[in-house]
Amino acid sequence: KRAEINLTGASQTVCIIDTGVNYSRLDFGGCYGNDDPNSNCTVLGGWDFCGNDGNCAIEDGDPMDVMGHGTHVAGIVAASGSITGTGPGAKIVMMKAANATGSFFTINIISAIDWCVANASKFNISVISMSLGGARYYDYCDDDGADNTGIANSINNAVAKNISVVVATGNDGWIDSISSPACI
């Protein structure tokens, strides 16, 4: 007889690169940890690489979601309240790397991955999650121009620090290809 195992996200922190997170939602504890790794908030902290929600010319320390997608992703990971994510008990560090329309700039994706790696020890980051994607590829794309090469270098740095990196493969129903940066 197999013993039942109750898997939670306890003692894990996921660094999510997306459109931000509405940390005021009660499912995330209704608070923001202000980069305090000992905070009781589900969202410990993060960074906003697109503080003006348009052309991403301003950065700040408040990754509040104005689009909704990042909040949805964070809920899948760690919501605990009226809904329950796959890893209740996990902590979130949010990298807001997209503007209000959900468009990402490559430099912000690279900077967000690098931020997660640089702060992995502080926040106990074990996973980087990116629910984003771009161009269609039929093979690996690590060295396909400066954009993917830069992202590949950052992902490889994360993996070298024992951080799992997960990336959406695309939402177009392709059966013979994959989107960037999942193709890395």
Inter-residue atom distance [X].[atom1] - [Y].[atom2], 0.5 Å rounding:
X	Y	atom1	atom2	answer
Ser111	Ile107	OG	CD1	4.5 Å
Ser179	Trp174	OG	CH2	6.0 Å
Asn108	Ile113	CG	CD1	11.0 Å
Asn38	Phe123	CG	CZ	10.0 Å
Tyr138	Ser177	OH	OG	5.0 Å
Met64	Asp48	CE	CG	10.5 Å

Checking side-chain hydrogen bond (donor to acceptor under 3.5 Å, both in side chains) against Lys96, which of Asp53, Asp60, Thr19 comes through?
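Looking at Asp53, Asp60, Thr19, the match for Lys96 under the side-chain hydrogen bond (donor to acceptor under 3.5 Å, both in side chains) is Asp53.
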Would you name the heavy atoms of [X] and [Y] that are closest together and state the gap between them?
X	Y	result
Phe104	Ile109	CB-CD1, 3.8 Å
Pro88	Ala79	CB-O, 4.0 Å
Gly46	Val93	CA-CG1, 3.9 Å
Ile92	Ala74	CD1-O, 4.5 Å
Tyr137	Asn148	OH-ND2, 3.0 Å

Are [X] and [Y] connected in the hydrophobic side-chain network, where two residues link if heavy atoms are under 4.5 Å apart?
X	Y	value
Val166	Ile163	no
Ile151	Met95	yes
Tyr32	Leu26	no
Val73	Val165	no
Met94	Ile76	no

Derivation and outcome, side-chain hydrogen bond (donor to acceptor under 3.5 Å, both in side chains), residues Asp27 and Ser82
CA-CA 6 Å; Asp27 294 310; Ser82 62; 3.2 Å; yes
Given side chains that start at C-beta, do those of [X] and [Y] come closer than 4.5 Å, heavy atoms only?
X	Y	result
Thr101	Asn99	yes
Ile184	Cys141	yes
Lys122	Leu44	no

Report the C-alpha distance between Phe105 and Cys56 in whole Å, list the side-chain angles of each, state the deciding distance to 0.1 Å, and finish with yes or no for side-chain contact (heavy atoms from CB on, under 4.5 Å).
CA-CA 8 Å; Phe105 294 94; Cys56 300; 3.5 Å; yes
Could you give the side-chain donor-acceptor pairs of residues 125-133 under 3.5 Å, partners two or more places apart or in another chain?
unit_1 : atom_1 : unit_2 : atom_2 : d
Ser126 : OG     : Gln12  : OE1    : 2.7

Okay, side chain of [X], backbone of [Y]: is any donor-acceptor separation there less than 3.5 Å?
X	Y	value
Asp18	Gly70	yes
Thr149	Asp142	yes
Lys91	Cys41	yes

Output a table of donor-acceptor pairs, distance under 3.5 Å, between side-chain atoms of residues 114-121 and any protein atom two or more places apart or on a different chain; print 'none' if there are none.
unit_1 : atom_1 : unit_2 : atom_2 : d
Asp114 : OD1    : Ser154 : OG     : 2.7
Asn119 : ND2    : Trp115 : O      : 2.9

Do the rings of Phe49 and Trp47 sit parallel, tilted or perpendicular, given the 30° and 60° boundaries?
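Plane angle over 60°, so perpendicular.
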